[in-house]
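Right, one structure below, let's go through it.
Counting starts at 1 for both ligands and their atoms, following the listed order.
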Amino acid sequence: MRVAFLGPPGAGKGTQARELAREWGVPHLATGDMLREAVTAMTPLGLAAKVYMDQGALVPDDVIVGLMRERLDALDASKGFIVDGFPRTIAQAEALGRVLADSGRALDAVIFFDVSEAELLRRLTGRRVCRQCQATYHVSSAPPAKTDVCDRCGGALYQRDDDSEATVRKRLEVYARQTAPLLDYYRGQRLLVSVRGEGPIDGIREAVREAARGAW
Ligand code: AP5
Ligand code: MG
Ligand code: ZN
């Protein structure tokens with residue numbers, strides 16, 4: 001199973017990908033998570049990326065493509081993968097196509113999570129993330145059993161720097177301008193499957209399973 005999860009910030013890509021990657025036995029390759037790890041480790045990549053991330057802007061395509069090429073060519077991705085938050089521009093989509101074609105692979109499906117803007121704002125400004133295992137919570141709609149403590153690993157929860165209302169609005173604008181054109185791009189390749197991203201998390205997971213089964 002080689003799938004890409006596409007959707008605006010807060011659409012639930014990470015929430016669904018984390019569980020489904022485990023279920024399908026494939027790696028969950030989230031560019032945002034990789035970049036945040038690099039920021040925490042203060043690597044040159046992380047320090048360069050942070051400037052863009054804090055503004056809600058995209059990190060340059062060549063940086064992202066280099067990072068993902070290496071990751072997609074690693075052994076564990078040979079049996080399949082879920083890419084989450086990548087590709088995010090037409091240039092990244094074209095590069096992904098080339099990287100996969102170089103090893104005789106191609107995407108099976110691109111799953112689009114459809115969520116209204118009001119709901120995205122509500123989700124992002126209330127999101128909390130585990131520092132240790134990256135599990136995602138929401139202060140009102142998916143709270144942990146104990147405030148600010150991860151149910152899965154006991155790690156401390158934090159609010160992402162880019163989840164302030166001003167930066168969220170900027171990220172939504174950047175999505176509309178630079179990423180939304182991918183909908184037509186993948187529709188043209190007959191790879192796009194749209195899933196309603198609002199409602200109970202389990203119900204959405206089942207809709208994604210079904211979309212993936214249809215593509216297989
Ligand atoms: P990234 O980390 O990818 O952020 P994003 O795309 O903005 O998406 P999010 O992670 O915010 O949303 P999500 O869809 O994963 O939602 P989640 O499941 O957490 O990127 C961050 C930055 O890195 C970018 O701005 C950019 O600078 C850089 N970057 C990353 N990739 C890049 C690339 N390819 N090119 C260039 N730059 C790149 O859910 C959100 C909230 O909603 C949570 O609180 C969750 O609990 C809740 N929730 C989920 N599902 C439901 C539901 N069904 N009902 C109610 N609440 C729900
Ligand atoms: Mg995410
Ligand atoms: Zn945790």
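Remark: ligand 1 and Arg127 share an N or O pair separated by less than 3.5 Å (distance only, no angle test). Considering backbone and side-chain N/O of Gly14, one or more are found under 3.5 Å from N/O of ligand 1. Residue contacts with ligand 1: Leu124 is placed with no nitrogen or oxygen under 3.5 Å of a nitrogen or oxygen of the ligand (distance criterion only). Every N/O-N/O distance between Asp163 and ligand 1 stays at or above 3.5 Å. For ligand 1, the polar-atom distance check finds no N/O of Phe86 at less than 3.5 Å from any of the ligand's N/O atoms. For ligand 1, one of its N or O atoms has an N or O atom of Arg36 under 3.5 Å away. At under 3.5 Å, a nitrogen or oxygen of Ala57, whether backbone or side chain, sits near a nitrogen or oxygen of ligand 1. Ligand 1 has no nitrogen or oxygen under 3.5 angstrom from a nitrogen or oxygen of Pro200. Close N/O approach between Lys13 and ligand 1 is found [any backbone or side-chain N/O within under 3.5 Å]. For a threshold of 3.5 Å applied to N or O pairs, the pair formed by Thr31 and ligand 1 contains at least one separation below that value.
Closest to atom 29 (N) of ligand 1 among all protein heavy atoms lies Leu35 CD1, 3.5 Å. If you check which protein heavy atom lies closest to atom 39 (O) of ligand 1, you get Thr15 OG1, 3.6 Å. Considering only non-hydrogen protein atoms, atom 20 (O) of ligand 1 sits nearest to Arg88 NH2, 3.3 Å. Distance from atom 44 (O) of ligand 1 to its nearest protein heavy atom, with residue and atom name: Tyr137 O, 2.8 Å. The protein heavy atom nearest to atom 57 (C) of ligand 1 is Arg123 NE, 3.6 Å. Regarding atom 23 (O) of ligand 1, its nearest protein heavy-atom neighbour is Met53 CE, 3.5 Å. Among protein heavy atoms, atom 37 (N) of ligand 1 sits closest to Val59 N, 3.1 Å.
Side-chain heavy atoms closer than 4.5 Å link hydrophobic residues (I, L, V, M, F, W, Y) into clusters, and following such links, possibly through other members, connects Ile82 to Ile111. Residues Leu107 and Leu29 are members of one and the same hydrophobic cluster, defined by side-chain heavy-atom contacts under 4.5 angstrom among Ile, Leu, Val, Met, Phe, Trp and Tyr. In the hydrophobic clustering of this structure, Val174 does not group with Val168; members are Ile, Leu, Val, Met, Phe, Trp, Tyr whose side-chain heavy atoms approach within less than 4.5 Å, directly or through other members. Both Leu6 and Phe81 are assigned to one and the same hydrophobic cluster, defined by single-linkage of ILVMFWY side chains at heavy-atom distances under 4.5 Å. Transitive grouping of hydrophobic side chains (ILVMFWY, heavy atoms separated by less than 4.5 Å) keeps Val65 and Leu96 in distinct clusters.
For ligand 1, the atoms lying closer than 4.0 Å to a non-hydrogen atom of Ile204 are 53 (N). Distances below 4.0 Å separate heavy atoms of Ser141 from the following atoms of ligand 1: 55 (C), 56 (N). Interface of Gly199 with ligand 1, defined as ligand atoms under 4.0 Å from a residue heavy atom, comprises 52 (C), 53 (N), 54 (N). Against a heavy-atom cut-off of under 4.0 Å, Ala11 is close to the following atoms of ligand 1: 14 (O), 16 (O). Short contacts between ligand 1 and Gln92, defined as distances under 4.0 Å to a heavy atom of the residue, involve ligand atoms 33 (C), 34 (N), 35 (N), 36 (C). Taking every non-hydrogen atom of Thr136 and a distance limit under 4.0 Å, the qualifying atoms of ligand 1 come out as 19 (O), 43 (C), 44 (O), 45 (C), 46 (O).
In terms of modelled atom types and a separation under 3.5 Å, the side chain of Lys13 and the main chain of Pro8 share a donor-acceptor contact. Of the possible polar contacts, one joining the Ser103 side chain to the Leu100 backbone as a donor-acceptor pair under 3.5 Å is found. Gln16 places a side-chain N or O within donor-acceptor distance of the main-chain N or O of Ile201, the cut-off being under 3.5 Å. Panel note: side chain Gln92, backbone Arg88; a donor-acceptor pair is recorded below 3.5 Å.
Annotation: angle subtended at the Zn ion (ligand 3) by Cys133 SG and Cys150 SG is 110°, to 10°. Geometry note: the Zn ion (ligand 3) is the vertex, Cys153 SG and Cys130 SG are the arms, and the angle is 100° (rounded to 10 degrees).
Judged by distance alone, the side chains of Ser116 and Glu198 do bring a donor and an acceptor atom under 3.5 Å apart. There is a side-chain donor-acceptor pair under 3.5 Å between Thr89 and Asp61.
The cationic group of Arg128 does not satisfy the cation-pi geometry with Tyr137, failing either the under 6.0 Å distance to the six-membered ring centre or the 45° limit from the ring axis.
Asp163 pairs with exactly one of Arg171, Arg169, Arg123 by the salt bridge (Lys or Arg N to Asp or Glu O under 4.0 Å) rule, that one being Arg171.
Comment: Arg205 does not engage Glu23 in a salt bridge, judged by the lack of any side-chain N to carboxylate O separation of less than 4.0 angstrom.
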